Amino acid sequence: MIDHSYLLTENRTAFLYAEEPSWDNETIRILFTLDQGKTWMNSVVTEHYMGVRFRKVGFVDDQFGYIIISGGRTMSQEGSNVFLTFDGGQSWQETNNSGVSRLIADGGFVDAKIGFLSFGTINPEAPELYVTQDGGNTWKQATVNIPSEYDKIFVQSETPFIEDDHLAVFVNQGPNGDYKGGLVKGKFISTDKGNTWTFSMEVSPDEANK
């Protein structure tokens, strides 16, 4: 199964997939169960999608969840789309588009209002993180303040998460990083709901995956 395209938890199992009559006319669906497989529901996320590549599903609580997909890739460009559910996955509504055509690397929401999209998968030189604070109505690029000693080292943002009274995010070295073996990440902190990020510390792979 494709990373991030499924959920396996005690309360919810879900699989995000594409029905493929043709490459340029896919229907994106989610199959899920809330009772450990006794009954299953299948809902349409979007119809007539072109060549899905990236796909990710996540739920913040029992009712609110998000799906991020990308498709129509041409060289290093593609379209990406975000869909939200407020009824546990039975129906989905698309947010406004970020307007970014770079290849998407990651994304997610921390609550029903604040969400993120991370772009740049081919030779990134700096994190390109976009934030919404109004449930996807508007998107803007966040400011990630990279210390000079880590310039072109920490280059690809992962998905931010809530930590204590602030937000945190790990920024990795991308596909070609070789600093301390290429697996060390930078941890950054935001106290303004994801608009700006300041460096906190280096973290080992084990620490970042806890």
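Please read these numbers as outputs of a predicted model, since none were measured by experiment. What's counted below: heavy atoms across the whole structure, side chains too, no hydrogens, waters or symmetry copies.
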Fill in: Thr159 and Lys56 side chains, donor-acceptor separation under 3.5 Å
yes
Worksheet item: Does the separation of the ring centres of Tyr150 and Phe199 fall below 6.0 angstrom?
Response: yes
Discussion item. Check for me, please, whether Tyr66 and Ile162 land in the same ILVMFWY cluster - side-chain distances under 4.5 Å, paths through other members count.
Written reply: no
Worksheet item: Just checking, any donor-acceptor pair under 3.5 angstrom between side chains of Tyr17 and Glu26?
Response: no
Worksheet item: Does the side chain of Ser5 come under 3.5 Å of the side chain of Asp3 through a donor N or O and an acceptor N or O?
Response: no
Discussion item. Going by side chain to side chain donor-acceptor pair (under 3.5 Å), name the pairs with one or both residues in residues 110-125, residues two or more places apart or in two chains.
Written reply: Asn123-Asn176
Worksheet entry | Any donor-acceptor N or O pair under 3.5 Å, side chains Asp87, Thr85 | yes
Worksheet item: Below 4.5 Å, heavy atoms only, C-beta onward: do Ile104 and Ile68 meet side chain to side chain?
Response: yes
Worksheet item: So do Ile67 and Leu16 actually touch side chain to side chain, heavy atoms under 4.5 Å?
Response: yes
Worksheet item: So do Ser101 and Ser80 actually touch side chain to side chain, heavy atoms under 4.5 Å?
Response: no
Fill in: Heavy atoms from other residues, nucleotides or ligands near CD of Gln36 exceed 12 (cutoff 6.0 Å)
no
Worksheet item: Out of curiosity, does Val45 fall in the hydrophobic cluster containing Tyr6 (side-chain heavy atoms, cut-off under 4.5 Å, transitive links)?
Response: no
Discussion item. In terms of relative ring orientation, are Phe64 and Phe109 parallel, tilted or perpendicular, with 30° and 60° separating the classes?
Written reply: perpendicular
Worksheet entry | Check against side-chain contact (heavy atoms from CB on, under 4.5 Å), Trp197 and Val169 | CA-CA 9 Å; Trp197 298 85; Val169 68; 3.6 Å; yes
Fill in: Worked check of side-chain contact (heavy atoms from CB on, under 4.5 Å) between Asn137 and Thr95
CA-CA 6 Å; Asn137 288 323; Thr95 72; over 6 Å; no
Worksheet item: Any Lys/Arg nitrogen of Lys187 or Glu158 sitting under 4.0 Å from an Asp/Glu carboxylate oxygen of the other?
Response: no
Worksheet item: Would you say Ile2 and Arg55 make side-chain contact, with heavy atoms under 4.5 Å?
Response: yes
Worksheet item: Heavy-atom distance under 4.5 Å between the side chains of Lys180 and Glu202, does that happen here?
Response: yes
Worksheet item: Linking I/L/V/M/F/W/Y whenever their side-chain heavy atoms sit closer than 4.5 Å, directly or via other members, would Phe188 and Tyr179 fall into one cluster?
Response: yes
Discussion item. I'd like to know if the side chain of Asp164 and the backbone of His166 have a donor-acceptor N/O pair within less than 3.5 Å.
Written reply: no
Discussion item. Please determine whether side-chain contact (heavy atoms from CB on, under 4.5 Å) holds for the pair Ile146 and Val144, giving the CA-CA distance in whole Å, both sets of side-chain angles, and the decisive distance to 0.1 Å.
Written reply: CA-CA 6 Å; Ile146 304 290; Val144 183; 3.8 Å; yes
Discussion item. To the closest 0.5 Å, what do you measure between CZ (Phe83) and CD1 (Ile30)?
Written reply: 12.0 Å
Worksheet item: Above 12 or not: heavy atoms from other molecules or residues under 6.0 Å from CG of Asp134?
Response: yes
Worksheet item: Does any non-hydrogen side-chain atom of Phe32 lie less than 4.5 Å from one of Thr13?
Response: no
Fill in: From Met1 atom CE to Leu8 atom CG, the distance as rounded to the nearest 0.5 Å
5.5 Å
Discussion item. Please evaluate residues Ser43 and Gln90 with respect to the criterion side chain to side chain donor-acceptor pair (under 3.5 Å), reporting the C-alpha separation (whole Å), side-chain torsions for both, the decisive distance (0.1 Å), and the verdict.
Written reply: CA-CA 6 Å; Ser43 60; Gln90 297 180 59; over 6 Å; no
Discussion item. Closer than 4.0 angstrom, basic N to acidic O: yes or no for Glu78 and Arg53?
Written reply: yes
Fill in: Non-hydrogen side-chain atoms of Lys193 and Val131 separated by less than 4.5 Å
no
Worksheet item: Any chance the rings of Phe170 and Phe154 have centres within less than 6.0 Å?
Response: no
Worksheet entry | Cluster overlap Val203 with Val184, hydrophobic side-chain contacts below 4.5 Å | no
Response to the item:
Between the NE2 atom in His4 and the CG atom in Asp106, the distance rounded to the nearest 0.5 Å is 5.5 Å
Practice prompt. Decide whether Thr27 and Glu47 meet the rule of one side-chain donor and one side-chain acceptor closer than 3.5 Å.
Written response: no
Worksheet item: Judged by modelled atom types alone, do Asn25 and Tyr49 share a side-chain donor-acceptor pair under 3.5 Å?
Response: no
Fill in: side-chain contact (heavy atoms from CB on, under 4.5 Å) evaluation trace for Asn11 with Leu34
CA-CA 6 Å; Asn11 297 320; Leu34 305 177; over 6 Å; no
Worksheet item: Where do Arg29 and Glu19 land on the salt bridge (charged side-chain N to carboxylate O under 4.0 Å, His left out) test, with the steps shown first?
Response: CA-CA 8 Å; Arg29 292 180 172 271; Glu19 290 183 337; 3.3 Å; yes
Practice prompt. Give the minimum heavy-atom separation between Pro124 and Pro175, together with the two atoms involved.
Written response: CD-CD, 3.8 Å
Worksheet, complete the sentence: Between the CD atom in Glu94 and the CD1 atom in Ile69, the distance rounded to the nearest 0.5 Å is 8.0 Å
Worksheet entry | Interatomic distance, Ser190 atom OG to Leu167 atom CG [nearest 0.5 angstrom] | 5.5 Å
Discussion item. Is any side-chain heavy atom of Thr138 closer than 4.5 Å to one of Asn96?
Written reply: no
Worksheet item: Does a donor on one side chain sit under 3.5 Å from an acceptor on the other, for Thr143 and Asn145?
Response: no
Worksheet item: Checking Thr74 side chain against Gln77 main chain: does a donor-acceptor pair fall under 3.5 Å?
Response: no
Discussion item. Distance check, rounded to the nearest 0.5 Å: Thr33 atom OG1 versus Leu7 atom CG?
Written reply: 12.5 Å
Practice prompt. Verify the ring-centre separation between Phe119 and Tyr130: is it less than 6.0 angstrom?
Written response: yes
Response to the item:
Shortest non-hydrogen pair, Leu84 vs Gly135, comes out as CD1-O, 3.5 Å
Worksheet item: Is there a path of hydrophobic side-chain contacts, each under 4.5 Å between heavy atoms of I, L, V, M, F, W or Y residues, that connects Val100 with Leu117?
Response: yes
Response to the item:
Heavy-atom nearest pair, Met75 first then Arg73, reads O-NE, 2.9 Å
Practice prompt. Could you point out which residue of Gln156, Arg102, Gln141 forms a side-chain hydrogen bond (donor to acceptor under 3.5 Å, both in side chains) with Glu128?
Written response: Arg102
